[in-house]
Amino acid sequence: MAEPQIAYCLFCTDLCGGVKVVFEHAKHLNRAGIPTIVLSKTPYPSWIEYKVPFKQVDSWDEAVDYPVVVSTYFVITLELWQNPVVKDRLVHFCQGFEGDYQEWQPMMKEIEKAYSLPIPIWSVSDSLTHKLMRRFPSACVYTVGQGYDQGVFHPPAEPPEPFPVKVVIMGPYHISIKELPFGLRVLKELKRRFGCGLETIRISPLDTRDVEGGVFLADRYFVELKPHEVAEVLRGSHILFSPSNNGEGFGLPVLEAMACGCATCVSRIESYLSWDEEKDYSLFFPVGDFEEATAALSRLAEDSNLRCRLRRRGFEVSKRFSFEKVVGRIEAFLADFLKGR
């Protein structure tokens, strides 16, 4: 195999959507003939069910061996910028602006410094690109887009049985932008209204049942599912509920749910609204509005015809997103970035 042309520097390989996207980039870039490697300070993730070139490193100094170095985290970006060999080959890959996270507020100066560096920034959506450019007018932000694994996330041969209506909520409880405490309160009210006619399903990367039990504990609770296992749960469900706030950079679980045939009920945020000009592919509610979120989700639970329509439209929208398109955008970027080297 040819020497890697692109190295993605990944802080850790814990189970999360952002890590999954980096490995998907590496998989599809290699398939397209662009040798790519992932560097991380932690081992190859056991939950990734395929292999890509990978190296566990002790220091980011090893990035000097590669013509294009993609940082996936603002802390890594600042460290790599200090390396005179790497700084001219450095790209910052953003899947969501860390400054929108409550938990990162103490590091806002470092975050703003990283995004103000004179290096290209890749983003996963036009809405995220526009957000970054509003905040950093001099930044060079390039939308590479988002995809999903269409071999894993696809609809079932037959829709699930109509009763009970199964509603899924996904994401880490303690990540502020996901608004999981709010979402669980909504599901608690739904369960009160519908009783055994509604089954709530929780998918979490970590087991936080001890905390969630103080708000609402779902009927079924899944922890550390691999991607194909997530897809199986989604194919057996009717609705995906996502209450994320505007810090959401893209919202990949919603797209994957659409691809699996779920109707979706989501917050009215820039990211979710940007997927199609016609806003008829999901039910939208204002961020943090308990009454509106409860009403929208109740309506969807009650109306099987509405679920069927959103299921069809969501699947149509999901098919427009692919990693092949992402690779094409990266190839176009590289043609200019590597010119003259």
Side-chain angles (χ1 to χ4, degrees), residues 1-10 13 16-40 44-45 47-55 63 65-73 76-77 89-96 119-130 132 140-154 227-228 231 249-256 258-260 271 274-276 315-341:
M1 181 179 176
E3 288 297 314
Q5 184 178 14
I6 303 175
Y8 283 78
C9 295
L10 193 59
T13 52
C16 75
V19 171
K20 181 172 70 174
V21 168
V22 169
F23 277 84
E24 288 285 349
H25 275 217
K27 178 174 72 173
H28 288 278
L29 285 165
N30 279 295
R31 285 181 179 177
I34 303 173
T36 301
I37 190 170
V38 178
L39 308 180
S40 179
Y44 199 99
W47 54 273
I48 293 287
E49 300 174 289
Y50 52 83
K51 291 295 181 182
V52 301
F54 176 87
K55 186 177 182 181
D65 296 332
Y66 306 99
V68 180
V69 179
V70 182
S71 167
T72 60
Y73 183 46
I76 300 175
T77 299
R89 353 175 146 175
L90 184 58
V91 176
H92 182 162
F93 179 34
C94 176
Q95 298 188 56
I119 61 173
I121 300 173
W122 289 353
S123 93
V124 292
S125 68
D126 285 332
S127 62
L128 180 57
T129 293
H130 296 151
L132 294 176
C140 179
V141 189
Y142 181 84
T143 304
V144 297
Q146 183 64 285
Y148 68 94
D149 190 336
Q150 298 183 6
V152 172
F153 296 93
H154 55 81
H228 83 273
F250 183 83
L252 183 57
V254 176
L255 185 71
E256 292 172 339
M258 288 177 171
C260 288
S271 172
S274 70
W275 295 357
D276 192 83
F315 183 68
E316 287 175 5
V317 169
S318 74
K319 292 295 288 182
R320 300 174 187 172
F321 294 84
S322 72
F323 280 109
E324 286 73 21
K325 291 181 180 179
V326 172
V327 168
R329 292 174 182 138
I330 291 175
E331 286 181 311
F333 171 88
L334 292 175
D336 289 331
F337 190 63
L338 296 173
K339 190 179 296 182
R341 291 194 180 186

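One-based numbering along the sequence shown.
Across all non-hydrogen atoms, the minimal contact from G96 to L128 is N-CD2, 3.7 Å. Scanning all heavy atoms of the two residues, the minimum distance from A63 to V69 falls at O-CG2, 3.5 Å. Nearest heavy-atom pair across P227 and E49 is CD-OE1, 4.1 Å. Taking each heavy atom of L29 and Y8 in turn, the nearest pair found is CD1-OH, 3.5 Å. Here the closest heavy-atom approach between residue V124 and residue Q95 is recorded as CG1-CG, 3.8 Å. Shortest non-hydrogen contact noted between S71 and T77 is OG-OG1, 2.7 Å.
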- Task: Determine, step by step, whether W47 and F23 satisfy the side-chain contact (heavy atoms from CB on, under 4.5 Å) criterion, reporting the C-alpha distance in whole Å, the side-chain angles of both residues, the deciding distance to 0.1 Å, and the verdict.
- Result: CA-CA 11 Å; W47 54 273; F23 277 84; 5.9 Å; no

- Task: Start with the C-alpha gap between V144 and K325, add the side-chain angles, then the distance that decides, and say whether side-chain contact (heavy atoms from CB on, under 4.5 Å) holds.
- Result: CA-CA 8 Å; V144 297; K325 291 181 180 179; over 6 Å; no

- Message: For a side-chain contact (heavy atoms from CB on, under 4.5 Å) check, start with the C-alpha distance between V91 and I119, then their side-chain angles and the critical distance, and finish with the verdict.
- Response: CA-CA 6 Å; V91 176; I119 61 173; over 6 Å; no

- Message: Determine whether T13 and F54 satisfy the following criterion, side-chain contact (heavy atoms from CB on, under 4.5 Å), listing intermediate values before the conclusion.
- Response: CA-CA 11 Å; T13 52; F54 176 87; 4.2 Å; yes

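Using a 4.5 Å heavy-atom threshold, the side chains of H28 and V326 count as separate. By the 4.5 Å heavy-atom criterion applied to side chains, R89 and V68 are not counted as neighbours.
Under the ring pair (Phe, Tyr, Trp, His ring centres under 6.0 Å) criterion, Y148 pairs with no residue, sequence neighbours left out. In this structure K55 satisfies the salt bridge (Lys or Arg N to Asp or Glu O under 4.0 Å) test together with E62, sequence neighbours excluded. Every residue two or more places apart in sequence or in another chain that forms a side chain to side chain contact (heavy atoms under 4.5 Å, CB included) with S127 is listed here: S125, E270, S271, S274. Partners of T143 under the side chain to side chain contact (heavy atoms under 4.5 Å, CB included) rule, at least two apart in sequence or in another chain, are S123, D126, T129. Looking at residues two or more places apart in sequence or on another chain, you find no ring pair (Phe, Tyr, Trp, His ring centres under 6.0 Å) involving H154. By the salt bridge (Lys or Arg N to Asp or Glu O under 4.0 Å) test, E316 pairs with R313, sequence neighbours left out. For the ring pair (Phe, Tyr, Trp, His ring centres under 6.0 Å) test, no residue two or more places apart in sequence or in another chain qualifies with F153. Applying the side chain to side chain contact (heavy atoms under 4.5 Å, CB included) test to F315 and every residue at least two apart in sequence or in another chain returns P155, S318, K319. By the ring pair (Phe, Tyr, Trp, His ring centres under 6.0 Å) test, Y73 is found to be paired with F11, W104, residues two or more places apart in sequence or in another chain being considered. E256 is linked by a side chain to side chain donor-acceptor pair (under 3.5 Å) to K20, counting only residues two or more places apart in sequence or in another chain. Considering only residues two or more places apart in sequence or on other chains, D65 meets the side chain to side chain contact (heavy atoms under 4.5 Å, CB included) condition with none of them.
Using a 30° and 60° split on the angle between ring planes, Y142 and F333 fall in the tilted class, from 30° to 60°.
Note: I330 CD1 to W122 CH2 = 4.0 Å, rounded to the nearest 0.5 Å. Taking CZ of F321 as the start and CE of M258 as the end, the distance is 8.5 Å to the nearest 0.5 Å.
Under a 3.5 Å cut-off, the side chain of S40 and the backbone N or O of L10 do form a donor-acceptor pair. Judged purely by atom type and a 3.5 angstrom limit, Q146 has no side-chain atom pairing as donor or acceptor with the backbone of L255. Although no hydrogens or angles enter the test, the distance criterion places a donor-acceptor pair under 3.5 Å between the side chain of T72 and the main chain of C9.
Y66 pairs in a side chain to side chain contact (heavy atoms under 4.5 Å, CB included) with only one of the listed residues (T36, I6, I37), which is I37.
Aromatic ring centroids of W275 and F250 lie under 6.0 Å apart.
Within the structure, the salt bridge (charged side-chain N to carboxylate O under 4.0 Å, His left out) test picks out the following pairs touching residues 24-35 (sequence neighbours left out): E24-K27, K27-D149.
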